[in-house]
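Every value quoted in this text rests on a predicted model; they were computed, and no experiment measured them.
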Amino acid sequence: TLFAFSYHVVDLAVLLLHGASSLLGLSKPFPEAATMLMHHVCTAALGYHSLRFRFLQYYTVFYAGLAECSSLPLATMNLLRALGQEPEKPALPRLCNLMRNSFAVMFLMLRVVCWWAVNWCFYGDMMLMMQKSREEVLANRRDVGAAAVYAWLLGNTLFTILQLYWAAKVLSR
């Protein structure tokens with residue numbers, strides 16, 4: 001959880017710097033900047049909450065850990081595109097193509113197929129927490145209340161919608 005939180009904070013800072021440089025005309029605008037900004041702010045906020053209150057760390061291993069593995073080939077592909085003469089002409093085109101295909105397979109497996117399986121358990125646990133009394137479920141956890149449960153439900157629902165949006169983009173290419 002700490003690694004994922006740190007990664008998203010750093011990536012958020014890079015995204016903000018890139019946004020500032022594009023506003024100043026120093027770089028091209030990033031087409032998905034608003035979506036990525038919301039993604040990183042929400043991920044960092046939920047990661048902070050998970051670390052601060054030791055809440056749902058079992059699930060953050062998947063959502064902020066394993067699911068992020070699909071970002072490795074994506075980052076490599078983006079780096080090869082940045083090193084190339086143009087985005088359509090990346091450095092090492094065969095490797096870039098391999099990374100694109102690896103990203104697509106990993107993304108669909110981790111962020112669609114596995115995501116739904118983990119969500120099934122996550123929503124079941126959240127519903128159980130909402131049904132039982134606070135004392136039963138959160139014994140000795142006075143720092144985590146119903147607001148946290150609802151925040152995590154909202155965050156997970158928004159992230160699930162985002163995964164489906166990105167999956168549609170991956171499948172369309």
Side-chain angles (χ1 to χ4, degrees), residues 1-22 30-79 82 99 102-132 134 137-170:
T1 304
L2 180 59
F3 174 78
F5 171 72
S6 302
Y7 165 78
H8 284 285
V9 168
V10 168
D11 214 27
L12 178 60
V14 169
L15 185 63
L16 291 172
L17 286 172
H18 186 272
S21 77
S22 67
F30 184 61
E32 292 277 334
T35 306
M36 292 305 294
L37 182 64
M38 291 185 333
H39 172 263
H40 289 301
V41 167
C42 289
T43 302
L46 290 174
Y48 172 78
H49 183 269
S50 178
L51 287 168
R52 170 80 171 83
F53 298 107
R54 297 184 195 165
F55 186 62
L56 296 176
Q57 289 186 342
Y58 172 80
Y59 287 107
T60 58
V61 169
F62 173 77
Y63 291 122
L66 186 61
E68 290 292 333
C69 288
S70 65
S71 298
L72 295 173
L74 177 64
T76 305
M77 180 182 70
N78 288 338
L79 177 64
M99 291 298 104
S102 298
F103 166 71
V105 169
M106 289 177 74
F107 183 91
L108 294 171
M109 288 303 301
L110 292 171
R111 295 191 182 216
V112 177
V113 176
C114 294
W115 192 277
W116 284 100
V118 174
N119 266 5
W120 182 261
C121 297
F122 173 82
Y123 282 107
D125 286 347
M126 294 296 99
M127 295 303 130
L128 180 67
M129 288 181 79
M130 291 183 341
Q131 289 172 357
K132 293 189 174 188
R134 180 182 173 146
V137 178
L138 302 172
N140 301 320
R141 294 299 311 270
R142 304 282 181 227
D143 51 355
V144 177
V149 173
Y150 290 119
W152 276 84
L153 281 169
L154 176 64
N156 184 280
T157 301
L158 293 174
F159 282 126
T160 299
I161 292 167
L162 191 59
Q163 302 314 311
L164 294 174
Y165 166 73
W166 283 335
K169 289 186 78 166
V170 166

Taking C-beta and beyond as the side chain, do Trp152 and His49 meet within less than 4.5 Å on heavy atoms?
yes
Carefully, step by step, assess Asn119 and Tyr59 under the rule side-chain hydrogen bond (donor to acceptor under 3.5 Å, both in side chains).
CA-CA 9 Å; Asn119 266 5; Tyr59 287 107; over 6 Å; no
Nearest-0.5 Å distance that lies between atom CE in Met109 and atom OG in Ser70:
12.0 Å
Looking at the rings of Phe159 and Trp115, which for Trp means the six-membered one, are their centres under 6.0 Å apart?
no
Test side-chain contact (heavy atoms from CB on, under 4.5 Å) on Met99 and Asn78 and set out the steps.
CA-CA 9 Å; Met99 291 298 104; Asn78 288 338; over 6 Å; no
Quick one: does Leu66's side chain get under 4.5 Å of Val61's, heavy atoms only?
no
Let me see the working for Met127 and Leu153 under side-chain contact (heavy atoms from CB on, under 4.5 Å), right down to the final yes or no.
CA-CA 9 Å; Met127 295 303 130; Leu153 281 169; 4.1 Å; yes
Please assess Thr160 against Trp116 for the test side-chain contact (heavy atoms from CB on, under 4.5 Å), listing each intermediate value before the final yes or no.
CA-CA 8 Å; Thr160 299; Trp116 284 100; 3.7 Å; yes
How about Phe122 and Phe62: do any of their side-chain heavy atoms sit closer than 4.5 Å?
no
Are the side chains of Phe103 and Leu72 in touch, meaning some heavy atoms are under 4.5 Å apart?
no
Less than 4.5 Å apart, any side-chain heavy atom of Tyr150 and any of Leu154?
no
Looking at CG of Leu110 and CD of Glu68, how far apart are the two atoms once the value is rounded to the nearest 0.5 Å?
10.0 Å
I need the minimum non-hydrogen distance between Thr60 and Ser50, along with the two atoms involved.
CG2-OG, 3.6 Å
Side chains of Asn156 and Met126, heavy atoms from C-beta outward: is any pair under 4.5 Å?
no
Could you go through Leu51 and Gln57, starting from their C-alpha distance and side-chain angles, then the distance that decides it, and tell me whether this counts as side-chain contact (heavy atoms from CB on, under 4.5 Å)?
CA-CA 8 Å; Leu51 287 168; Gln57 289 186 342; 4.2 Å; yes
To the nearest 0.5 Å, what is the distance between CG (Leu74) and CG (Leu79)?
11.5 Å
Just jot down the side-chain contact (heavy atoms from CB on, under 4.5 Å) partners of Ala167, sequence neighbours excluded, or say none.
Phe107, Leu108, Val112
Hydrogens and angles aside, do Tyr58 and Asp125 bring a side-chain donor and acceptor to less than 3.5 Å of each other?
no
When you measure from the side chain of Arg111 to the backbone N and O of Gln163, does any donor-acceptor pair fall under 3.5 Å?
no
